[in-house]
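Below, chain A is the first sequence line, B the second, and so on; all start at residue 1.
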Amino acid sequence: MNFWLMKSEPSVYSIDDLARDGKTPWTGVRNYQARNFMRDAMRVGDRVFFYHSSADPAGIAGLARVASGPYPDPTQFDARNEYFEPRAKRNAPVWVLVDIAFDQKIEPLVTLEQIRAEPALAGMLLLKRGQRLSIQPVEPVHARILLRLIDTRCA
DNA sequence: GCCAACGTTGGC
DNA sequence: GCCAACGTTGGC
């Protein structure tokens, strides 16, 4: 089982939205590296740190899990959708996604500042300068520390 | 709203 | 295939 970090702007789709929906297709990813993680590396049951970006404060707001294999992102076929992809054909999609299922809300969230303050997390991709990838792998050693941080506040 | 950093596009 | 211009991300 692998760990991932997936960013979402809470004003667009928050952990509360995921809690309400239970499960959601992760539409709108338009970055090849992020797509390739979903297409090639994610497995059903992988755990996901749900990260609120462009938020105040930004941080890990919940836990989720990968709930499907990869399949075409339907928004790429919809000419009225902001994520429309003119190059995509039904039999040759460009963008794929997975479903994400709600696990747990983290309240208060683990802020970016708190993540930065933990020396053992210094190697996380999230903290790398200029790193903007919206889907990132999380190393097991980092995941364990994050889960411990979360446990202490949810106990 | 600013701006650094990065990915993508397109002219050559 | 280079690289400048442009658009986007995301913390502040």
### Message
Output the rounded distance in Å from CG (A:Leu126) to C1' (C:dG11).
### Response
11 Å

### Query
Looking only at side-chain N and O atoms, does A:Tyr51 come under 4.0 Å of OP1 or OP2 in C:dG11?
yes

### Task
Ignoring hydrogens and angles, state whether a donor on the side chain of A:Trp26 or A:Asp99 is under 3.5 Å from an acceptor on the partner side chain.
no

### Message
From C-beta outward on A:Lys7, which listed nucleotide comes closest to its side chain: B:dG7, C:dG10, C:dC12?
### Response
C:dG10

### Whole angstrom value for the distance that separates P of B:dG7 from CG of A:Leu133
9 Å

### Query
Given atom CD of A:Gln33 and atom P of B:dG7, what is their separation to the nearest angstrom?
7 Å

### Task
Rounded to the nearest angstrom, tell me the gap between atom CD in A:Gln136 and atom C1' in B:dC6.
13 Å

### Message
If I take atom CZ in residue A:Arg116 and atom P in nucleotide C:dG11, what distance separates them, rounded to the nearest angstrom?
### Response
8 Å

### Task
Verify the distance criterion only: is there a donor paired with an acceptor across the side chains of A:Arg30 and A:Thr75 at less than 3.5 Å?
yes

### Query
What integer distance in Å separates A:Tyr32:OH from C:dT8:P?
15 Å

### Query
Side-chain N or O of A:Arg132 less than 4.0 angstrom from OP1 or OP2 on C:dG7?
no

### Query
When all nucleic acid strands are considered with a 4.0 Å heavy-atom cut-off, which category describes A:Arg30: base, sugar-phosphate, or nothing?
nothing

### Message
Any salt bridge linking A:Arg148 with A:Asp151? Criterion: basic side-chain nitrogen under 4.0 Å from a carboxylate oxygen.
### Response
no

### Query
Can you tell which of A:Val110, A:Ile150, A:Ile106 makes a side-chain contact (heavy atoms from CB on, under 4.5 Å) with A:Phe49?
A:Ile150

### Query
Just how far, in rounded Å, is P of B:dT9 from CD of A:Glu85?
9 Å

#### Entry: Gap between atoms NE2 and P, on A:His52 and C:dT9 respectively (whole Å)
17 Å

